[in-house]
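Take a look at the structure below.
All chains are named by letter (A, B, ...) in the order of the sequence lines, taking the proteins before the strands, and each is independently numbered beginning at 1. Keep in mind the model is a prediction, meaning the values are calculated, not measured.
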Protein chains: 2
Amino acid sequence: PDLTMTLPALRAAYAEGTSTDEVLAQVYARLEKIADPAIFLAMPTLEQAQAEGRALGAYDADKPLWGVPFAVKDNINVAGYPTTAACPAFAYVAETDAHVVARLRAAGGIFVGKTNLDQFATGLVGVRSPYGVPRNSIDPLIVPGGSSSGSAVAVGHGIVPLALGTDTAGSGRVPAALNNIVGLKPTLGALSASGVVPACRSIETVSVFALTIADAWEAFRVLCDYDASDAYARKVPAPALAARDAPPVIGIPDAASIRFLGDEAQARSFAAAVELLRAEGCEVREIDFAPLYGVAQMLYEGAWVAERYTVIEDLMRTDPEAILPVTRQIIGKAEGMSAADAFRGIYRLKEMSRAAEPLLAGLDMLCVPTIPTFYSLADLEADPVTPNSNFGTYTNFVNLLDMCGLAVPVPARDDGRPGSVTLLARAGQDAALAVTGMALERAGKRRLGATRWRFAPPPALPRAEAERITLAVCG
Amino acid sequence: PDLTMTLPALRAAYAEGTSTDEVLAQVYARLEKIADPAIFLAMPTLEQAQAEGRALGAYDADKPLWGVPFAVKDNINVAGYPTTAACPAFAYVAETDAHVVARLRAAGGIFVGKTNLDQFATGLVGVRSPYGVPRNSIDPLIVPGGSSSGSAVAVGHGIVPLALGTDTAGSGRVPAALNNIVGLKPTLGALSASGVVPACRSIETVSVFALTIADAWEAFRVLCDYDASDAYARKVPAPALAARDAPPVIGIPDAASIRFLGDEAQARSFAAAVELLRAEGCEVREIDFAPLYGVAQMLYEGAWVAERYTVIEDLMRTDPEAILPVTRQIIGKAEGMSAADAFRGIYRLKEMSRAAEPLLAGLDMLCVPTIPTFYSLADLEADPVTPNSNFGTYTNFVNLLDMCGLAVPVPARDDGRPGSVTLLARAGQDAALAVTGMALERAGKRRLGATRWRFAPPPALPRAEAERITLAVCG
């Protein structure tokens, strides 16, 4: 039988007596059928994975991810596997699982593979890997999106219900949009970075790909665990979801600042999503996004490139040819930057963040197109940089401003390409995004990822308890 | 009459009909008697100050600082006066008052002068100024302390009841210890930096010198005002003081990590202060200060020197001789530092801060000697750097760890030198420090600063209201 790769469907299958052996056999059979060697960079054999599944013992409902196969972006350590960050010269064999991988395993998850990525997680396109380009799960002419390309494609195909990515500039959101799946980019510090190759340590996070928000949220609740050994860890709430008392006030880009780069189908798709939010009772306010674009520009033009440089400095000195030319060009900009430049950049960000505050005042969240338009593999061959920059239009500013984000699939565009919007909110508001995202997710007819599976609406959320606990996130 | 320069004494004098003309005449007469031309770098004439006093009109009890003369460190703008930062080549005439100066004036304060400092607020000694060295108010052989040398000496002599300083490494605390006065170093971001020449913008604050904690706290309440135009401003509570429900748990350096550099009198003075805290019912716990000293080292050896460099970069290029050799040597270290070095420094600080967390867990505050020992002008002539570094033993880590501090005079040492301890707590806990500091302040017999005035205990604090509001400070 064609098992739907969502957590409720898996649980139902296990309840009916399906074995982890059978589930894992389906995972591997699907991958074989898709026949894309660029998705996974390393995997256990089916037999190894099945042995891990059997080691879970009898079905255990207390383990929220019991028997759930998951994939891991190859800049995150899995014990015994190489971590390449898509750079063979950088690769090392991890001795222990990253904290997040250990969390998934402890919750009953079964590791099935390390996924391809833009080298050193630098890129939003998914074509910057010496291990080839994972084919977009929806349309092989379109780029898969990056940097978490393999993870997003694996989930888009329904090979696994969950995959880990990372997100600095939008690597956990852009590939979600391009593969018709959910991309949950948590509040910075919510998920441990222990055992993760950093890209931009002060402004990045591990992220979650799934076919549905409910699945992504379940994984988030498992993953969200204060890890004191990660200096950037923060205590972030990960509550069970509950319905809002009142619909949120949502900011969207105003007509003067919204950017679709001429893609009218994308504009119509976003307008339709906004109408869905209004139909749900949300108050939608148009705001000027220019200050946010100003922040976004700092990510690659400002001092933060030097964070990426700290990761590859040794390699740049000893073996620069081991790094892709485009990656070297981007990160190499840091070589001319002084420590004083770094602090000037930090000051400028502080000032721009402050300038953006009045813009965000009174809003519960923002809603943006996840990407302004689509790019093909041919577009990237012609120009490896501009499409990448454009993909970051609505994503680059998010971590710099310490916001959380959730890329949500919406009904397909009128040309059949996947629709996606991203909800954004202040640090710690992850649950609010999930709740509002679910309203978008259940509207219209939609298939999951690139599969034929239909979205099955989850049960209605319970009302929030009268006794509310206010939670603050402090830096 | 010899008017005591405290706020209650001034108010009493005004209530009895004393005029601002008379008070200001005393201010100028005292300065003339002290005959130290290195305290003030610029002043209004007595007539100008008196005109400002008369412009206040009739006594107005609603203005908390009505008729209170104040001095301003010369890295803080006062409209119409040069701001030199103790570097003539850097000087410019300020067009408007710094936000903090405007706050003091709006509350009825009367500006009486700009005070000397260690050039670019770099130093804890007070001897690094081309405008001469303000004489220590207690003992002219001892350094005045810096960088807020002139402000501390002016208050120590009772010339003014209030003076503004700034504090990155300890410039608002060390000179307080050396002049037997109170140094209130607020939570970072509580006081606006608008119109202040930065030293280390991300980790510094304007500070307050006064003869008593009550006076410093009144000034703090006037000054603490969220200024959205300062990108580093934060909303910090500045409540009226109220007695604690229970005595605090206070951490002190353990025997292995406490440092007096052989100064036994200082050790005895600190031990006596700790006994006072115990007598007040405080629970005192000895902790290992080594992790905090590790943080402290980053201030001058790590990337933060580059923050200072951003301020003087142009001058370093165009006219390096305009900068004192010792200052140039310290700040010039930034020239070899890359942006990647800066981020590595920031990571290291994050890691060291995290490592210090268990140390501070369960403590309400710390109590440290403000300085480990005293240094003379001769010591500094022999070695301009080591004594400066030693002065920072208990101060350098404080802003890096986002703590607030209060330097409190305690009874004189058995050799007659002033006693001083500093209370330190997490951001936002300024009021808690003031309340506990007051318990220390009223213990034992003590004169105010270098004056003959005795400390007059303020009325007992009211109990906190049953309905407590919890306030959080977020970055």
Side-chain angles (χ1 to χ4, degrees), chain A residues 189 193 198 200-203 226-234 302-314 316-317 331-358 361 402 426-428 470-475, chain B residues 189 193 198 200-203 226-234 302-314 316-317 331-358 361 402 426-428 470-475:
Chain A
C200 237
R201 192 171 162 194
S202 73
I203 49 164
Y226 180 73
D227 169 19
S229 74
D230 169 10
Y232 279 88
R234 298 194 291 186
W304 284 265
V305 171
E307 291 206 82
R308 299 180 189 268
Y309 192 78
T310 62
V311 181
I312 62 160
E313 185 163 13
D314 286 346
M316 282 285 249
R317 287 195 178 139
I331 305 183
K333 282 185 199 166
E335 290 182 329
M337 287 183 195
S338 69
D341 292 332
F343 280 105
R344 274 189 286 257
I346 290 166
Y347 301 156
R348 182 101 184 93
L349 173 60
K350 270 276 186 187
E351 286 157 9
M352 295 179 86
S353 302
R354 176 56 50 82
E357 276 175 19
D402 195 14
R426 289 173 191 80
T470 303
L471 291 154
V473 180
C474 291
Chain B
C200 239
R201 192 170 161 194
S202 73
I203 49 164
Y226 180 73
D227 169 19
S229 74
D230 170 10
Y232 279 88
R234 298 194 292 186
W304 284 265
V305 171
E307 291 207 83
R308 299 180 190 267
Y309 191 77
T310 62
V311 181
I312 62 160
E313 185 163 14
D314 286 346
M316 282 287 249
R317 287 194 177 141
I331 305 183
K333 281 186 201 165
E335 288 182 330
M337 287 184 196
S338 69
D341 292 332
F343 280 104
R344 275 189 284 260
I346 290 166
Y347 301 155
R348 183 100 185 94
L349 172 60
K350 270 274 184 188
E351 285 156 9
M352 297 180 85
S353 301
R354 176 58 48 84
E357 276 174 20
D402 195 14
R426 290 172 191 81
T470 304
L471 291 154
V473 180
C474 292

Subject >> Option in B:Pro358, B:Ala340, B:Ala355, B:Ala334 with maximal non-hydrogen atom pairs under 4.5 Å from chain A >> reply: B:Ala340
Subject >> Salt bridge present between B:Glu313 and A:Arg344 (N-O < 4.0 angstrom) >> reply: yes
Original post:
Can A:Arg201 be said to sit on top of B:Phe343's aromatic six-ring, NZ or CZ under 6.0 Å from centre and within 45° of the ring axis?
Top reply: no
Original post:
About how many Å separate CZ of A:Arg354 and OH of B:Tyr232, when rounded to the nearest 0.5 Å?
Top reply: 10.5 Å
**OP:** Please state whether the side chain, the backbone, both or neither of B:Asp230 comes within less than 4.5 Å of a heavy atom of chain A.
**Re:** backbone
Subject >> Residue selection (most heavy-atom pairs with chain A, distance under 4.5 Å) from B:Gly345, B:Ser353, B:Ala233 >> reply: B:Ala233
Subject >> Inter-residue atom distance A:Ile346.CD1 - B:Ile346.CD1, 0.5 Å rounding >> reply: 3.5 Å
Original post:
Which bit of B:Glu357 comes within less than 4.5 Å of chain A, counting heavy atoms only: side chain, backbone, both or neither?
Top reply: side chain
Original post:
For the residue pair B:Ala306 and A:Ala339, what are the closest heavy atoms and their distance?
Top reply: CB-CB, 3.4 Å
